[in-house]
Amino acid sequence: MDLKDEESKTLSAAGVPLGEEAHMISGAPGGPRHDSSYPQARIDSYENLILLCPTHHRLIDKSGGVGFSVESLRRMKVVHETKQRAGKTDEQRRREEMELRVLAVVETWAEKAELDNWDGFTSYLNSAVPRLNAEHVDALVTEVEWVATRKWPEAYPGIRRSFVNYSQVLRDTVGHIRKAMDLIDGREGIYEMYRAHKHRLMSQEEYDQSLAEFQFNTDVLYELAFELTKAANLVCDAVRDELDPLYRLEQGVLPLRVGAGLFGSELLAEEYSESESRLNSPYIGFAALLERVKVQGGASR
């Protein structure tokens with residue numbers, strides 16, 4: 001098990017015990033329990049490896065490994081593996097490992113998507129003049145790439161379907177942010193919804209057109225935040241349905257924050273309807289979303 005990958009770090013942070021592959025016979029001269037007669041080709045073989053927690057890995061190798069002989073480690077390995085096999089089928093053990101790893105990937109997504117700060121994130125997108133710092137934009141771009149490259153076991157079709165849907169909405173949201181927002185002059189690191197009329201003198205007709213474009217792009221961003229919130233909630237529902245019934249139970253539905261400030265914001269619980277949730281892809285797509293904003297004459301506020 002690679003303890004350096006993101007999923008393993010997530011499991012470790014959650015208090016889940018993880019194992020490290022330890023060598024019973026070191027391949028390095030002077031290393032713990034090194035035996036020059038032991039074939040170098042078998043150093044990394046199964047027979048010479050034992051799975052230990054990080055603490056016990058350090059313990060057996062302390063002082064060159066004098067406190068733990070090769071034979072004692074081999075006995076430990078046999079006893080442990082015998083206990084692990086007792087009462088569980090190979091299929092049950094594989095299923096437990098798969099559940100643990102899938103849940104770790106889901107938790108990694110929750111961290112990347114900042115689910116615990118979802119209302120704060122959406123409030124930036126839904127304010128009168130949407131703003132995001134450059135670090136947040138970069139993190140969103142990274143999340144787009146990360147989500148798009150995940151592979152989900154066939155045993156979890158709902159989770160896989162919900163993440164494909166979320167990936168599509170996230171991609172369109174980030175694409176719109178990068179197209180419609182720009183760095184603020186004199187304030188490096190802050191992106192703001194672009195307003196051409198703030199950058200040069202215009203005729204009244206040009207001003208009206210610039211203002212209309214700004215409002216339309218702002219409404220589209222709100223509509224995307226609306227769809228992204230529903231998509232994220234669908235992922236959480238799928239995890240509860242197929243993996244962990246108590247997943248984010250205490251936190252509840254991810255909220256959509258509309259507006260900014262103590263007196264100008266509203267918290268909404270946005271989810272797909274039951275019929276939408278059953279669709280293979282509940283998200284209507286970017287072209288249809290643009291048309292919806294045009295037909296409504298604004299966002300779905």
Side-chain angles (χ1 to χ4, degrees), residues 1-113 142 146-147 149-160 163 235 238-240 242-248:
M1 182 179 293
D2 181 4
L3 294 185
K4 295 181 180 179
D5 63 37
E6 289 182 291
E7 291 77 21
S8 291
K9 290 177 181 177
T10 298
L11 288 172
S12 180
V16 177
L18 299 177
E20 293 182 353
E21 289 182 342
H23 291 90
M24 289 184 271
I25 298 175
S26 174
R33 296 168 297 279
H34 175 69
D35 182 352
S36 59
S37 66
Y38 191 76
Q40 192 68 26
R42 288 159 57 186
I43 288 295
D44 292 325
S45 66
Y46 175 77
E47 70 174 37
N48 190 45
L49 297 174
I50 182 172
L51 197 64
L52 299 170
C53 71
T55 299
H56 284 97
H57 190 176
R58 290 192 296 271
L59 181 63
I60 69 164
D61 287 349
K62 186 177 180 181
S63 301
V66 295
F68 294 85
S69 68
V70 174
E71 286 307 314
S72 68
L73 292 177
R74 285 173 177 163
R75 285 195 299 271
M76 258 193 259
K77 179 179 179 179
V78 171
V79 170
H80 177 72
E81 290 182 345
T82 300
K83 287 182 179 178
Q84 288 298 308
R85 292 191 185 98
K88 290 183 181 179
T89 66
D90 289 342
E91 178 61 28
Q92 286 173 323
R93 287 194 294 274
R94 284 194 296 269
R95 181 73 185 193
E96 287 180 358
E97 172 68 14
M98 181 169 62
E99 288 179 352
L100 194 61
R101 299 304 295 185
V102 171
L103 189 57
V105 176
V106 171
E107 287 293 349
T108 300
W109 163 71
E111 293 177 3
K112 288 181 177 295
T142 299
W146 185 89
V147 173
T149 55
R150 295 310 94 187
K151 285 185 67 69
W152 302 96
E154 293 182 1
Y156 306 102
I159 292 176
R160 180 168 55 180
F163 265 108
V235 170
V239 173
R240 285 188 284 269
E242 296 183 343
L243 191 61
D244 180 5
L246 301 181
Y247 181 68
R248 295 188 64 82

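- A pairwise comparison of heavy atoms in V102 and P153 identifies CG2-CG, 3.8 Å as the closest pair.
- Across L52 and A22, no two heavy atoms sit closer than the pair CD1-CB, 3.9 Å.
- Contact record, E242 with G158: OE2-N, 2.7 Å, taken as the closest heavy-atom pair.
- Ring geometry for W109 versus F163: interplanar angle over 60°, hence perpendicular rather than tilted (30 to 60°).
- A distance of 11.5 Å separates CG in L100 from CE in M98, rounded to the nearest 0.5 Å.
- Put simply, CG on D244 and CG on L103 are 6.0 Å apart, with the number rounded to the nearest 0.5 Å.
- Residues R74 and I25 share a closest heavy-atom pair of NH2-CD1, 4.0 Å.
- Separation of atoms CZ (R150) and CZ (R160) is listed at 15.0 Å; rounding is to 0.5 Å.
- Using a 4.0 Å cut-off between charged side-chain N and carboxylate O, R95 and E91 make no salt bridge.
- To the nearest 0.5 Å, atom NE2 of residue H23 and atom OH of residue Y38 are 9.5 Å apart.
- Note that CZ of F68 and CE of M76 are 5.0 Å apart. Values are rounded to the nearest 0.5 Å.
- Taking CG of L246 as the start and CZ of R240 as the end, the distance is 10.0 Å to the nearest 0.5 Å.
- Closest approach of V70 to M24, counting heavy atoms only: CG2-O, 3.8 Å.
- Side-chain contact between R42 and N48: absent, with no pair of heavy atoms (C-beta onward) separated by less than 4.5 Å.
- Here the side chains of L73 and R33 are in contact, with some heavy-atom distance below 4.5 Å.
- Counting all heavy atoms, side chain and backbone alike, P32 lies closest to D61 at CB-OD1, 3.5 Å.
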